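This one's a predicted model, so the numbers in the text were calculated from it and none came from an experiment.
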Amino acid sequence: ITFVTGCDPNYKTSQKILNELVKQGADLLEIGMPFSDPMADGPSIQRSSIRALIEGANIRKILKLVHDFRKKNQITPIILMGYLNPILSFGINNFFKSAKKAGTDGLIVVDVPPEEDSEIFDLAIKNKIDLIKLATPTTNVERLKKILKTCSGFLYYVAIKGITGSKSADPKLVKESIKSIKKNTTIPVAVGFGIKRPIDAATIAKTGCDGIVVGSALVKIIENSLKNKKSKHNIALKVGNMVKNIKQKIKWIGL
């Protein structure tokens, strides 16, 4: 599973990046909806949101990005990740209806706890959009069961305590957590946060999880490429090459 911020660094390049990610082996696309205060994200993803917002990104453009991608690809699942404020501003009913029409399969709303998610959960069911929930190293069994009540598609396990891109995940702790989670659900579990290199992805792949999310590492490639005049025209290829290396590393260890 790959994460990039939609419309970063601009709409046209973002389109190329999404297509290249799939070409090089991404099985599912997670697209970030730019927000001015992305509290769960580290500096690199925060800066990607700022770049996209400066280019005029908003929910309408993100949905157009999905719609345009779907013209060529009807198969690869797409989930949107973001925060509640932009969705409220767009209109919750309008958002879900438009997201489904564009070709969205799932949604992560980071800042809505299970106690407050009834409105978006009901609309997700109505529009046949999976509502993907987060669990963390500090989530106890009682809390996990509450989270799972409104979770579909897959459970996103946050492998570290902290923001995206801050440190590497501990495979031993992840393996223990995945084992504990799977005692309480049959839903697939994907692991994200703290997966920076192909070897990290390959190591986490052996923990018993069903998916691996790589985000900050890809976003940093975009950022670094923009600083280099020679490489800023090959951003999609550079990001795709990272995904290709991850896939090769996972295959090399026999998964």
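Residue Lys100 places its NZ atom among more than 12 non-hydrogen atoms of other residues, nucleotides or ligands, all under 6.0 Å distant. Counting non-hydrogen atoms of other residues, nucleotides and ligands closer than 6.0 Å to CZ of Arg60 gives a total of 12 or fewer. No more than 12 heavy atoms of other residues, nucleotides or ligands shown are found within 6.0 angstrom of NZ on Lys61. The number of heavy-atom neighbours closer than 6.0 Å to CD of Gln74, taken from other residues, nucleotides and ligands shown, is above 12.
Using a distance-only test at 3.5 Å, with no hydrogens or angles considered, a donor-acceptor pair links the side chain of Asp210 to the main chain of Val189. Judged purely by atom type and a 3.5 angstrom limit, Asn73 uses its side chain to pair as donor or acceptor with the backbone of Thr76. Looking at Lys126, its side chain never comes within 3.5 Å of a backbone N or O of Phe96 through a donor-acceptor pair. A donor-acceptor pair under 3.5 Å is formed between the side chain of Asp111 and the backbone N or O of Leu84. The backbone N or O of Gly25 sits less than 3.5 Å from a side-chain atom of Lys247, completing a donor-acceptor pair.
Side-chain contact between Phe69 and Ile31 is absent, with no heavy atoms from C-beta onward closer than 4.5 Å. Between Pro34 and Ile62 there is a side-chain heavy-atom pair separated by less than 4.5 Å. Between Ile92 and Ile87 there is a side-chain heavy-atom pair separated by less than 4.5 Å. In this structure, Phe90 and Leu63 have side chains that are in contact, with non-hydrogen atoms separated by less than 4.5 Å. When side chains are defined from C-beta on, Phe95 counts as touching Met33, because their heavy atoms get closer than 4.5 Å. Using a 4.5 Å cut-off on side-chain heavy atoms (C-beta onward), Pro198 and Met242 make contact. Side chains of Asp130 and Ile79 form no contact here, defined as non-hydrogen atoms less than 4.5 Å apart. Residues Cys209 and Val174 are not in side-chain contact: their nearest non-hydrogen atoms beyond the backbone lie 4.5 Å or more apart.
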Practice task
Show the numbers, then the answer: is there a side-chain contact (heavy atoms from CB on, under 4.5 Å) between Tyr156 and Ile1?
Solution key: CA-CA 11 Å; Tyr156 190 133; Ile1 302 172; over 6 Å; no
Practice task
Could you walk me through whether Ser177 and Ser180 pass the side-chain hydrogen bond (donor to acceptor under 3.5 Å, both in side chains) test, one step at a time?
Solution key: CA-CA 5 Å; Ser177 296; Ser180 177; over 6 Å; no
Practice task
For side-chain contact (heavy atoms from CB on, under 4.5 Å), just list the numbers for Gln24 and Asn241, CA-CA rounded to whole Å, side-chain angles, deciding distance to a tenth of an Å, and then say yes or no.
Solution key: CA-CA 7 Å; Gln24 298 302 336; Asn241 191 53; over 6 Å; no
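Here CG of Asp8 is found 10.0 Å from CD1 of Ile45. Values are rounded to the nearest 0.5 Å. To the nearest 0.5 Å, atoms CD1 (Ile75) and CG (Asp27) are separated by 12.0 Å. Taken to the nearest 0.5 Å, the CG atom of Leu148 stands 9.0 Å off from the NZ atom of Lys133. With values rounded to the nearest 0.5 angstrom, Ile195 atom CD1 is found 7.5 Å from Asp200 atom CG. Of the inter-residue distances, the one linking Ile147 atom CD1 with Cys151 atom SG reads 8.5 Å to the nearest 0.5 angstrom. The distance from atom CG of Leu18 to atom OG1 of Thr13, rounded to the nearest 0.5 Å, is 11.0 Å.
Residue Val191 forms a side-chain contact (heavy atoms from CB on, under 4.5 Å) with just one option from Ile204, Ile212, Val213, and that option is Ile204. Of the candidates Ser44, Ser48, Ser49, Ser48 is the only one forming a side chain to side chain donor-acceptor pair (under 3.5 Å) with Thr5.
Pairing each heavy atom of Ile17 with each of Pro9, the nearest pair is CD1-CD, 4.5 Å. Taking all atoms of both residues into account, the shortest heavy-atom contact from Pro113 to Arg143 is CB-NH2, 4.0 Å. Closest approach of Ser225 to Ile235, counting heavy atoms only: CB-CG1, 3.6 Å. The heavy-atom pair separating Gly6 from Leu65 by the smallest distance is CA-CD2, 3.9 Å.
Note on Lys64 versus Asp68: salt bridge recorded, some NZ/NE/NH1/NH2 to OD/OE distance being below 4.0 Å. Lys146 and Asp117 are not joined by a salt bridge, as no carboxylate oxygen comes within less than 4.0 angstrom of a charged side-chain nitrogen. Classification of Glu223 and Lys238 as a salt-bridged pair fails, no side-chain N sitting under 4.0 Å from a carboxylate O.
Legend: side-chain hydrogen bond (donor to acceptor under 3.5 Å, both in side chains) pairs involving residues 82-92, not counting sequence neighbours, sorted by first then second residue: Asp41-Tyr83.
The hydrophobic clustering, which links ILVMFWY residues whose side-chain heavy atoms are closer than 4.5 Å, places Tyr11 and Leu29 together. Cluster membership check: Ile125 shares its hydrophobic cluster with Val109, using side-chain heavy-atom separations under 4.5 Å among Ile, Leu, Val, Met, Phe, Trp and Tyr. With hydrophobic clusters built from ILVMFWY side chains whose heavy atoms lie under 4.5 angstrom apart, Ile129 shares a cluster with Ile187. The hydrophobic clustering, which links ILVMFWY residues whose side-chain heavy atoms are closer than 4.5 Å, places Leu218 and Leu237 apart. The cluster map of Ile, Leu, Val, Met, Phe, Trp and Tyr, joined by side-chain heavy atoms under 4.5 Å apart, puts Val219 and Leu53 in different clusters.
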